[in-house]
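We name chains A, B, ... by the order of the sequence lines, and we start the count at 1 in each one. Source: prediction; values computed, not measured.
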Amino acid sequence: MTLRVYDTRSRSKRELETLDEGKVGLYACGITPYSPSHIGHGRQAIAFDIIVRWLRHIGYEVNYITNFTDVDDKIISVANDEGVDFLEVANRNIADYFEGMDALNVLRADHYPRVTETIPEIVDMISILIQKGHAYVGGDGVYFEIDTSPEKYGQLTGQSLDMVRAGAGGRVADTGSGKRDHRDFALWKSAKPDEPSWPSPWGEGRPGWHIECSAMSLKLLGERFDIHGGGTDLLFPHHEAEIFQSECCLGHDPVVQYWIHNGMINVDGEKMSKSLGNFWTIKDALEQVDPLVLRYTMINAPYRQPIDFNQKMLDESSIHHKRMVSVYGESLSSFGTTDWGDVEILESASKRFAAAMNDDFNTRNAVVEIQSVVNSLRNLLDNGADADILAAGAGWLSEFAGEILGLLPTDESIQEMMAEDESARSEIESIVEPLLKERAEARASKDWPRADEIRDKLNELGVVVEDSPSGPVWRLQ
RNA sequence: GCACGAGUGGCAGAGUAGCUAUGCAACGGACUGCAGAUCCGUGGACCCGGGUGCAAAUCCCGGCUUGUGCUCCA
């Protein structure tokens with residue numbers, strides 16, 4: 001079975017053919033750490049985390065890079081407001097990012113390059129661009145000259161030069177005084193007072209926003225690499241700028257074989273963004289919901305679709321996730337020697353799961369398969385299936401819901417949770433049992449008010465009573 | 001305005017021509033004193049208008065709606 005991925009540049013799903021057989025070089029644009037991470041960052045990281053996990057699962061060796069833009073206007077502005085060094089701001093927010101990602105069960109990338117650690121490579125790249133005539137030194141920095149390769153314009157967004165010229169309207173005037181054309185973009189910004197800067201052939205300054213990704217991907221993945229990713233909001237101008245820079249610098253195209261873009265998170269139908277002030281930080285979200293439930297919500301839609309974030313969605317995810325975890329936990333205590341491949345429903349579910357993931361990483365469909373296996377196991381658990389099959393089911397979930405989708409807590413923490421439940425249960429048992437007995441007597445004599453009164457009382461203690469054909473069963477809320 | 005997407009049942013979301021998505025919700029039944037859980041079952045959709053096909057949610061044209069981009073943004 002072949003893996004097909006949607007490539008933004010060709011606007012089609014294409015079979016993945018890597019430059020080196022069996023290996024994937026993947027670069028995804030990371031964050032600018034000027035404030036705590038929000039759930040949009042979480043979604044992006046989860047999307048690429050799952051892509052990486054799946055690629056590895058089907059046998060690829062993946063080199064996954066995601067960067068930190070650790071020097072930028074906003075970071076400097078926050079630092080100046082606080083009267084601290086810009087790196088203090090960046091480091092603090094990078095730590096926050098890792099904390100959030102760890103909670104969301106995002107595996108670490110292989111490298112996290114930072115702009116401040118890539119200055120020499122950036123300077124080299126700019127020098128080559130100037131030398132090749134694609135860039136020029138303006139009054140306040142170095143700029144890429146769009147007109148030197150107009151054919152590259154609109155590769156990802158389909159916009160033409162004239163359109164952008166027309167659309168930019170009055171906003172052109174206040175950008176980049178040293179530009180020859182408003183569509184040119186900065187490669188190097190000359191130092192201003194109170195700003196960090198580095199020496200360069202064009203004087204003290206710092207890199208423009210776009211050049212870092214070209215330099216970092218070149219440094220870590222080489223002159224051509226397989227996949228470049230990021231949010232759809234980076235399509236223009238950031239990724240188009242990268243195409244200009246990398247391809248003009250290296251003199252060949254394409255540098256990137258596949259462009260992959262994840263959809264945004266919307267809140268109440270509008271894009272979540274800082275300027276609208278409607279964003280949730282990861283911490284905000286985790287105050288309300290379990291991190292793995294948040295992860296579940298994020299992958300319960302294909303990565304390219306926008307997600308409209310709302311409470312109902314979280315509630316539903318929470319129900320589904322809880323059911324999955326408890327079915328897994330209960331199955332875990334079964335011991336058996338049957339491989340899941342020998343159980344028909346598991347075998348066929350795994351095939352459909354793989355087909356879903358191979359179709360542009362369709363996690364939504366993959367989750368459907370998880371749900372159907374969870375339902376089957378629930379059924380078996382309730383009707384006393386043999387341990388062999390349950391154990392095989394637990395193994396299946398561990399592999400597909402756990403290792404690949406990253407949705408399961410560790411076995412240890414599940415067992416811990418179950419043990420806690422058990423001890424809480426035995427603690428309260430001496431109170432519950434006599435009441436249940438009394439209720440049974442009341443029910444036997446058809447004294448329903450009394451029976452309900454006792455049930456209410458148990459509810460107050462956090463005990464849920466359910467009458468089954470074989471008598472009442474109870475559990476803790 | 002221009003560019004690129006998207007419009008499928010109450011919700012989320014599959015599905016590039018002929019057959020069923022799936023999950024949740026709803027409804028009916030079984031079981032129940034009631035409730036809950038569970039089991040069995042049911043109904044329900046393809047934005048609008050044209051076109052091409054024996055056949056269209058699926059392809060083509062037009063329209064409408066909506067998202068994103070055109071400015072820092074995952």
Side-chain angles (χ1 to χ4, degrees), chain A residues 6 8 11 13 28-32 34-35 37-48 66 69 72-74 77 97 154 156-160 162-169 171-172 174-175 182-183 209 229-240 261-266 269-276 279 297 300-308 310 312-313 315-317 319-320 323 352 356 359 362-372 374-375 378-379 381-383 442-444 446-449 451-452 455-456 459 464-469 472-475:
Chain A
Y6 184 87
T8 310
R11 286 187 251 291
K13 282 184 196 171
C29 289
I31 62 160
T32 299
Y34 70 94
S35 67
S37 295
H38 59 245
I39 55 177
H41 296 131
R43 185 193 188 183
Q44 196 254 9
I46 288 168
F48 286 93
T66 191
T69 303
D72 136 285
D73 292 349
K74 287 189 183 120
S77 151
Y97 172 85
L156 299 174
T157 60
Q159 300 184 102
S160 72
D162 294 339
M163 285 164 182
V164 174
R165 181 178 284 133
R171 293 182 301 242
V172 176
D174 59 356
T175 55
H182 80 267
R183 295 158 303 167
W209 176 35
T232 54
D233 54 345
L234 297 184
L235 247 19
F236 189 96
H238 189 239
H239 288 163
E240 294 216 340
H261 292 95
N262 63 279
M264 298 291 101
I265 285 186
N266 295 157
E270 271 186 313
K271 182 186 156 184
M272 189 183 76
S273 73
K274 307 236 163 109
S275 46
L276 290 170
F279 67 95
T297 308
N300 200 206
Y303 76 89
R304 290 195 282 133
Q305 297 288 342
I307 292 178
D308 195 20
N310 57 56
K312 189 186 171 203
M313 196 174 222
D315 292 344
E316 282 188 6
S317 296
I319 291 167
H320 294 150
R323 179 184 314 183
R352 288 190 300 268
D359 181 17
N362 191 330
T363 51
R364 165 64 205 175
N365 272 177
V367 167
V368 166
E369 294 310 319
I370 301 285
Q371 286 176 326
S372 86
V374 165
N375 284 348
R378 179 79 268 165
N379 208 328
L381 281 164
D382 291 342
N383 296 301
R443 293 183 73 212
K446 299 197 191 298
D447 183 357
W448 310 127
D452 290 346
R455 187 167 59 196
D456 290 344
N459 281 161
V464 179
V465 182
E466 287 167 5
D467 296 313
S468 77
V473 292
W474 64 278
R475 61 188 161 78

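Take A:R443 and apply the side-chain contact (heavy atoms from CB on, under 4.5 Å) test, not counting sequence neighbours, and it matches A:R439, A:W448, A:A451, A:D467. Among residues two or more places apart in sequence or in another chain, the side-chain hydrogen bond (donor to acceptor under 3.5 Å, both in side chains) test is passed with A:T32 by none. For A:D73, the side-chain hydrogen bond (donor to acceptor under 3.5 Å, both in side chains) partners at least two apart in sequence or on another chain are A:R206. For A:T8, the side-chain hydrogen bond (donor to acceptor under 3.5 Å, both in side chains) partners at least two apart in sequence or on another chain are A:H261. By the side-chain contact (heavy atoms from CB on, under 4.5 Å) test, A:E466 is found to be paired with A:V464, A:V473, A:R475, residues two or more places apart in sequence or in another chain being considered. Every ring pair (Phe, Tyr, Trp, His ring centres under 6.0 Å) that A:H238 has, sequence neighbours left out, goes to A:W209, A:H210. Under the side-chain hydrogen bond (donor to acceptor under 3.5 Å, both in side chains) criterion, A:R364 pairs with A:N300, not counting sequence neighbours.
Spacing between B:U16 and B:U58 at atom P, rounded to whole Å, works out to 12 Å. Remark: the separation of the C1' atoms in B:G28 and B:G69 is 49 Å, to the nearest Å. Across B:C54 and B:A14, the matching P atoms stand 32 Å from one another, rounded to whole Å.
Of the residues near RNA chain B, A:Q305 and A:I319, the one whose nearest nucleotide (by heavy atom distance) lies more toward the 5' end is A:Q305.
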Every protein N/O lying under 3.5 Å from an N/O of nucleotides 25-27 of chain B:
none

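Annotation: side chain of A:F48 is not in contact with side chain of A:T66 (no heavy-atom distance under 4.5 Å).
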Next item on the list: Mark up nucleotides 35-45 of chain B, 5' to 3', with B wherever a protein heavy atom is under 4.0 angstrom from a base atom, S wherever such an atom reaches only the sugar-phosphate, and - elsewhere.
Entry: BBSSS------

